[in-house]
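Down below is the structure, laid out as structure tokens.
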2 protein chains.
Amino acid sequence: MPQWKKRFHDTCFFIPACKTCPVKEGKEVTIYDIARQLHISPATVSRGLNDHPAVSKKTRQKILEVAQALGYQSNTFASSLRKQRTNTLGVIVPKLNSHFVSSVLAGIEKVANEAGYNLIISQSLESAQKEVANAHTMFKSRVDGLIVSLAFDTEDLSHFQPFFKKGIPVIFFDRVALNLPNSTHIIIDNQKAGYEATRHLIEQGCRHIIHITGHLARNVYADRLKGYRQALNEYQLPFSEQQVIVCPLDEQSAWEIGRKIADMKPLPDGLFITNDTFAAICMHALKEKGIRIPADMAIVGFNDDLVSRVVEPPLTTIHYPGQEMGELVARHLINHLKGTVPLTHTHTIIIHSELIIRASSLRKI
Amino acid sequence: MPQWKKRFHDTCFFIPACKTCPVKEGKEVTIYDIARQLHISPATVSRGLNDHPAVSKKTRQKILEVAQALGYQSNTFASSLRKQRTNTLGVIVPKLNSHFVSSVLAGIEKVANEAGYNLIISQSLESAQKEVANAHTMFKSRVDGLIVSLAFDTEDLSHFQPFFKKGIPVIFFDRVALNLPNSTHIIIDNQKAGYEATRHLIEQGCRHIIHITGHLARNVYADRLKGYRQALNEYQLPFSEQQVIVCPLDEQSAWEIGRKIADMKPLPDGLFITNDTFAAICMHALKEKGIRIPADMAIVGFNDDLVSRVVEPPLTTIHYPGQEMGELVARHLINHLKGTVPLTHTHTIIIHSELIIRASSLRKI
DNA sequence: TTGTACGCGTTATCAG
DNA sequence: CTGATAACGCGTACAA
């Protein structure tokens, strides 16, 4: 007698209707329980549950019924152990607490769910060190694929090497690592966005525009700066290093820098800030010092976060579709995992972004 | 010869220095590889890696060295399968995109990490239906414990039954289910908070205060309403159903209701709104209609979200410590899992909250 | 202190 | 179409 049948209580072995035996209290229901119930082999049960073509309609039907009746739940661990795949995607983002990021996550989750993938989400809280820890956890969890938006100050990317070595696809969005070979990036055209934001300010009559941005190791900030300079250049406005303020884009520095700008002489007449929340706080600090927005100083932010619609005056900003980006990222990764699309070469996808003009930058010239 | 040794390449079996055999390219490193390298049994390796007391310092040392050298990663699936535990906690929250929630998550993550637990996070997006799906996923992922803050409109709680049946602890925070037996809840005193917010408005001279809140099936909203009524009662102010507006607390209804309130006759002189973002948008809508805050109408929000500090005027609100709450929740759950603390009876922990007074409600009486 | 042998629940392979 | 059997990698009685 095969080993697995031994688990069956002796007296019940030939009594299919015995409800007490196959499902022991407190024990998980397994394919063996189903198999015993139907007097077939576990192998057939497994096939039936996985829609294997080589199983008759009738048996499949019966298997599903009994599975249902017994409340069977496939054991992911056994399955993952055997299949060497987890059907899980990892996601590492800088912060969960932003409109953009949670839109992206919603998009990723939608696509992942539909494709039968689970998600492990973690935030680096803008710390490279925590990002390394998160990547490590993801690797240990043996995710089938990884989706990343880099932390503020990540420079060394070696924590992704294990993934590359093992052939686990890594795909970046927004805060990407373009110099990394064999990876896919999904971004907006940050240079263009920076250019348009700056040009808009210039067209509104600004001549002395300060640019506040984050760590230039991040593509998003470096490219927006390029766009800013391109616009200045095109309109033959002077540029000096002092016009660019690089800082951590957190709440505290927003207050500090807002106040510092209010004291600048000559007072700048335009601000291009790469973060809405930061811009909102700055604006607040400036108004406290009696500076009128946009009359004295026009402001453009970035991200179209909710806060941009709530501050006074409403903030001109750059909008880009988070949900869409998330869906695209997930779809891309999953297609690759399913072998539909080879992801061999470095690949960059650029999605649309647009300038949303609101009162914070609109003024008569 | 034991079965596992067979995997070893014949010519290498007695040659410990052979680097090619034990670690096959593309293959995972297992405890067998380490065992072969050291000519000991896999059992010893397993014990060594798990700090089992019955293993000599010397062998443990050697095991760790080789593990390090080979880049060994314990296989979670095999381990979980064997141990019947996953060392994973599930977290279901309504929305990731809020200051409060992401603070809580940061707290949970901190404690969970320290205790060696992994996290699976998912958002219900305020939909009961999605919450059910998420709970199901968590159950299939066989989390060791579950942390939940309920969605807006969840009424039926049967999706948590499988957890209770299987003895998996479920712990609620903020949006809890107090009528559920055998579960722990961590909350603030919402009635007290509601009372203090309302009393503050009354003390500022408000006599006709509107309360805007969410679905009263949720404890947080029901209790705040109680507090609101308690304050009115105490100051012998009249109460009618029309003074309470129950609505989905989303962006769109914020605009609508803000405008509706501006047209009310008589115009109310105070608003107590159970959500900062909603309050911020409302305030905006009211100001567009020429209503002065706080002179014509004083406003109190809830949550101390970042937006409350950025709107104009800054919003009086209720602050409660998200990070602390998260740490407490996680610590409680983990203590229970480790068997330190029995979580048998229904148990409620109340943590501190406070009214933060800002300009939106401050006026001369 | 260490080794042996087995089972956790699935799935892949091979043989009917 | 179905069954038997052997892994997947780990942890642990039981034995030595």
Side-chain angles (χ1 to χ4, degrees), chain A residues 1-8 22-24 26-36 38-63 67 70-87 140-142, chain B residues 1-8 22-24 26-36 38-63 67 70-87 140-142:
Chain A
M1 183 191 305
Q3 187 60 31
W4 60 272
K5 289 193 181 170
K6 297 250 176 76
R7 280 209 259 159
F8 205 62
V23 186
K24 300 144 208 152
K27 266 289 187 180
E28 299 290 336
V29 180
T30 75
I31 52 173
Y32 292 99
D33 298 315
I34 300 175
R36 278 192 297 259
L38 291 169
H39 293 289
I40 59 179
S41 98
T44 307
V45 176
S46 173
R47 285 191 278 254
L49 292 168
N50 289 298
D51 283 342
H52 192 289
V55 59
S56 78
K57 275 240 179 299
K58 247 176 47 189
T59 22
R60 189 203 318 293
Q61 183 57 32
K62 276 199 236 161
I63 290 168
L70 262 46
Y72 168 78
Q73 293 279 23
S74 145
N75 184 319
T76 335
F77 304 117
S79 178
S80 290
L81 179 60
R82 182 62 237 241
K83 287 196 300 189
Q84 308 279 38
R85 295 185 299 113
T86 63
N87 257 55
K140 292 226 313 178
S141 303
R142 287 181 164 62
Chain B
M1 182 191 304
Q3 186 61 27
W4 59 272
K5 290 194 181 171
K6 298 252 177 76
R7 282 207 259 158
F8 204 63
V23 187
K24 300 144 204 154
K27 267 288 187 179
E28 300 291 336
V29 180
T30 74
I31 52 172
Y32 294 99
D33 298 316
I34 300 175
R36 279 192 297 261
L38 291 169
H39 294 289
I40 58 178
S41 97
T44 308
V45 176
S46 173
R47 286 190 276 253
L49 293 169
N50 290 299
D51 283 341
H52 192 292
V55 59
S56 78
K57 276 242 179 296
K58 247 175 50 187
T59 21
R60 192 204 314 295
Q61 183 56 34
K62 276 200 235 161
I63 290 168
L70 262 46
Y72 167 79
Q73 293 280 22
S74 142
N75 185 321
T76 334
F77 303 116
S79 176
S80 291
L81 181 58
R82 184 62 237 250
K83 289 194 299 188
Q84 307 279 38
R85 294 185 301 114
T86 63
N87 258 55
K140 291 225 313 177
S141 303
R142 289 180 164 61

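Given the structure is predicted, the values throughout are model-derived calculations rather than measurements. Computed from heavy atoms alone, side chains included, the values below leave out hydrogens, waters and symmetry copies.
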Rounded to whole Å, the CD1-P distance (Ile63(A) to dT10(C)) equals 13 Å

- Query: Any donor-acceptor pair under 3.5 Å joining the side chain of Arg82(B) to the base of dG9(C)?
  - Reply: no

(message) Between the base of dC10(D) and the side chain of Tyr32(B), is one N or O donor paired with an acceptor at under 3.5 angstrom?
(response) yes

Per nearest nucleotide of DNA chain C, the residue lying toward the 5' end, Ala78(A) or Arg47(B), is Arg47(B)

The nucleotide from dA4(D), dT11(C), dG3(C) with an atom nearest the side chain of Thr44(B) is dG3(C)

**Asked** Reckon Ser80(B) touches a base, only the sugar-phosphate, or nothing at all at heavy-atom distances under 4.0 Å?
**Response** nothing

Look at all strands and tell whether Ser56(B) reaches a base, only sugar-phosphate, or nothing, counting heavy atoms closer than 4.0 Å.
-> sugar-phosphate

Closest to the 5' end of DNA chain C, once Ala54(B) and Lys83(A) are matched to their nearest nucleotides, is Ala54(B)

Here the distance between atom P of dC8(D) and atom CG of Asp33(B), to the nearest Å, is 11 Å

Distance col, row Asn50(A):CG vs Arg60(A):CZ, nearest 0.5 angstrom, shows 10.0 Å

Quick check against the 3.5 Å criterion: does Thr86(A) have a side-chain atom that pairs as donor or acceptor with the backbone of Ser80(A)? no

### Task
Give a yes/no answer on whether the side chain of Ser79(A) brings an N or O atom under 4.0 Å of OP1 or OP2 in dT10(C).
no

Closest of dG9(C), dA4(D), dA5(C) to the Asn75(A) side chain is dG9(C)

So CZ of Arg47(B) and OG of Ser56(B): to nearest 0.5 Å the spacing works out to 11.5 Å

Between Val45(B) and the options Ile31(B), Asp33(B), Thr59(B), Val55(B), the side chain to side chain contact (heavy atoms under 4.5 Å, CB included) test singles out Ile31(B)

